[in-house]
Amino acid sequence: MAVEDYLSQLNDAQQQPTTHVDGPLMVIAGAGSGKTRVLTYRIAYLMQQGIDAFSILALTFTNKAAREMKTRIAEIVGESESKNLWMGTFHSVFARILRAEADRLGYPSSFTIYDSQDSERLVKSIIKEMNLDTDIYKPKQIRNRISSFKNSLITVRAYHNNPELVETDREARRSAMGNIYRNYVERCFKAGAMDFDDLLLKTNELLNRFPDVLAKYQDRFRYILVDEYQDTNHSQYLIVRALADKFQNLCVVGDDAQSIYAFRGANIENILNFQKDYPDAKTYRLEQNYRSTECIVEAANSVINHNQNKLDKTVWTANEKGEKIVIHRSPSDGDEGRYVAQSIFEQAMNLQLSYTSFAILYRTNAQSRAMEDALRKRNIPYRVYGGLSFYQRKEIKDMLAYLRLIVNPKDEESLRRVINYPTRGIGQTTMNKLVVAAQEHNLSLFEVADQANHLPLQIHAGAKTKLVNFATLIKSFQVANANQTAFETADMVAKKTGLVQELKKEGTPEAINRVENIEELLNGIRDFVDGQREIVDAKGSLVEFLADVALATDFDNEITDENSVSLMTVHLAKGLEFPHVFIVGMEDDLFPSAMNMNSRSELEEERRLFYVALTRAKKLATLTYTQCRYRWGKLNDAEPSRFLSEIDHSYVDNRVVESNYEFKPLVDPSIFGDDHSKIRFKKPPTKSTPKRVPKNLKPVSASTHSSLIELEGLEVGARVSHNRFGAGTIVSIEGDGGDAKALIDFDGNGRKNLLLRFAKLDIL
DNA sequence: TGCACCGATGTTTTT
DNA sequence: CATCGGTGCA
């Protein structure tokens, strides 16, 4: 595409930053103002000015954003040009650089990346080894504190030299904090592992300690672009500043009103102070919203105006006025779900919309359940993003632990995870001795296990043999892995460790599902290997796969042509847009979260979060709240969110609708206690007289009801589609309720036995 | 050492 | 309400 072609697609405000080539610039981009468009076109523009793709670095917030941008740039400049661009999240880009430079920092280039779970487990075992009370030293809290230290570049030494920090922890009766931190860092290093924060911290260390490395990357990345700059933390800020220091060709894009990651160390001051950091910087503002109706834009403005700490900016739109924001009250979270499902059903029907036009956004992942139940009962296809990701499932983590151990036998967390799973008779006693021996001889756990017969250990001969056998097994994988693809190795692991066998033996529906998941993982590895063949310097190795997986998010498995409603947290929705958006759980203590209502700044962040949620909508936003909600398995009263009253009333349609939906469970009202009278009498009591139920059947309760509904339309001979295996025909169905299984003959993919409870099947 | 059961305990948000 | 960790028994 010629330059003038795509420039003509931009308004004046967008063109200016797009064609700003040299020197620092900041783009303050209001919601829906075409920020991504500016970023992509600017990169294309730079390339058409003769700047080598090789010297452009673009840092995004998610892998998905990077991929989409790369695709769009490829469409403009051609793929052969665009493939040399460096684009990705901070974490994935710098993980790559760290791998290349690992030896400088004394790390193996095959270092393991610990996810939050791994980190927390390690913190926990350290606390236990130090004989500290886990009630005072809560592993999660300690890990978070370590994380925030790292994000602020407070090393162990810096911590100990900072009387204020030490004093804070002493007052909190956590005087061992510093020592836990030290031990944690040492253990990670010994295990050849970096946690998420290390990927940034160690990059800073690398650039600070080795001027030649810094110079190399400064010269390489002459043009740097940072998306979502408002959500960068101190550590990221310093990396960007160091890399851009020489050429100062830095372009940051963001919106202070959408800064929502303070809990992760994001520092909104980075964007507020950009002009101070780069006095020569030119600031551009994109204020015209192309996404949403006037009602939505103005409603969102009226909300965000309650915040004090922000840059001046007026977002406006030339779009039609559109529908007013709908606010709806439900008696309970179940009713809320039914209302949303019903509304989606009606709107899709009346407006002839596909289900992809709808999104349900919530503050916490736990809220998805009520929505899922209601959607399932209505047979509305949906997809939940985020939450427990595929790679965090137990059986997958087990498989990955074996693979990680093959690549990096020093990885302690992985070893602990699988040394006795499947059981090999290596119990707690043996493990304790192993740990002591490792410390004594300054060896890794794996090395001790491997050499158990040659070391003076206080371990029975029988136990020694078991350890050696385990080490031998892992070593045999290592040898094999040297000459085969990641897929072949993973397949071997699944078969030879007995992991799959163990699950098959168990035979429970859960176990069967786990086997299915492992199969999916293997398929995923095969896809990865195939994909890597096309990339020049990639080999499809296990190391590459593991690096990829550690930083992958749920979005990376996205299926785009699926006709389904999207469910996700507001955080995850950042950067996305949908014609119709439902924001559910608009209640005080939930949104805003009870934990963020103690200070002005916390509350302002919650308000920005609400602003983000609202501005995802293009045509219609519906906000719902309930009068009572299940939390921790108990029914609690709820109050409407304070944010609701902050919306300018002229853009709101206050619809308080009775919730008489057909899909209410048919339960005898008398089983409710008096506390629930307000739910009970929402419907006239006469109407809720239970329908006659045959005597030999249990009354239909909410739980059995849902499993019946799942089977609707699923019958022998039906055509269905599965997100991995594609289309197929049901051959047979056995079992019922939650245990129902279907044998499905997938076109071209063979027959699979799927558990209906888990398999997300769409009826064709 | 391994397994079954029970009670306690905790929920923001994510790379 | 789920998961996790601890306890008690084989």
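A, B, ... follow the sequence lines: proteins, then strands. Residue 1 opens every chain. Here the structure is a predicted model, which is why all the values come from computation and not from measurement.
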Check the distance between dT13(B)'s P and Arg616(A)'s CZ and give it to me in whole angstrom. 19 Å
So which nucleotide from dA2(C), dT14(B), dT12(B) ends up closest to the side chain of Leu572(A)? dT14(B)
How is Asn420(A) classified with respect to the nucleic acid when contacts are heavy atoms under 4.0 Å: base, sugar-phosphate, or nothing? sugar-phosphate
Any side-chain donor paired with an acceptor under 3.5 Å for Asn151(A) and Ser148(A)? no
Side chain of Ser116(A): nearest nucleotide among dT15(B), dT1(B), dT14(B)? dT15(B)
Rounded to whole Å, please give me the gap between CG in Asp115(A) and P in dT15(B). 11 Å
If you draw the axis of the six-membered ring of Tyr385(A), does the NZ or CZ of Arg383(A) fall within 45° of it and under 6.0 Å from the ring centre? yes
So which protein nitrogen or oxygen atoms get under 3.5 Å of nucleotides 7-11 of chain B's nitrogens or oxygens?
residue	atom	partner	partner atom	Å
dT11(B)	OP1	Lys140(A)	NZ	2.7

Counting heavy atoms from C-beta on, name the nucleotide in dA2(C), dT12(B), dT1(B) closest to the side chain of Thr430(A). dT1(B)
Round to a whole Å and report the spacing from CG of Asp231(A) to C1' of dT13(B). 11 Å
When you measure from the side-chain N and O atoms of Asn151(A) to the phosphate of dT15(B), is any distance below 4.0 Å, counting only OP1 and OP2? no
Report yes if some heavy atom in the side chain of Ile583(A) is under 4.5 Å from a heavy atom in the side chain of Phe643(A); otherwise report no. no
Any cation-pi pair here, Lys574(A) with Tyr261(A), using under 6.0 Å and within 45°? no
Short side-chain N/O contact from Lys394(A) to OP1 or OP2 of dA2(C), under 4.0 Å: no
Report yes if a side-chain nitrogen or oxygen of Thr569(A) is closer than 4.0 Å to either non-bridging phosphate oxygen (OP1 or OP2) of dT12(B); otherwise report no. no
Can Phe263(A) be said to stack with the base of dT13(B), given centres closer than 5.5 angstrom and planes under 30 degrees apart? yes
Would you say Thr232(A) and Ile271(A) make side-chain contact, with heavy atoms under 4.5 Å? no
Quick one: which of Leu199(A), Leu206(A), Leu207(A), Ile239(A) gives a side chain to side chain contact (heavy atoms under 4.5 Å, CB included) with Ile97(A)? Leu206(A)
Strictly below 4.0 Å: does Lys124(A) bring a side-chain N or O up to OP1 or OP2 of dG5(C)? yes
Do Tyr107(A) and Lys202(A) have side chains that approach each other closer than 4.5 Å (heavy atoms only, starting at C-beta)? yes
By nearest atom, which of the nucleotides dT13(B), dG2(B), dT15(B) is closest to the His91(A) side chain? dT15(B)
In terms of heavy-atom contacts, does NZ of Lys504(A) have more than 12 from other residues, nucleotides or ligands at under 6.0 Å? no
If each of Glu605(A) and Thr429(A) is mapped to the nucleotide of DNA chain B with the nearest heavy atom, which maps nearer the 5' terminus, i.e. the 5' end? Thr429(A)
Nearest-Å distance once atom P is located in both dT13(B) and dC4(C): 16 Å
Taking the nucleotide of DNA chain B with the nearest heavy atom to each, does Thr89(A) or Ala463(A) sit closer to the 5' end? Ala463(A)
Arg393(A) CZ - dA2(C) C1' separation (whole Å): 15 Å
Rounded to whole angstrom units, what separation is found between the CZ atom of Arg264(A) and the P atom of dT13(B)? 13 Å
By the 4.0 Å heavy-atom rule, please label Phe90(A) as base, sugar-phosphate, or nothing. nothing
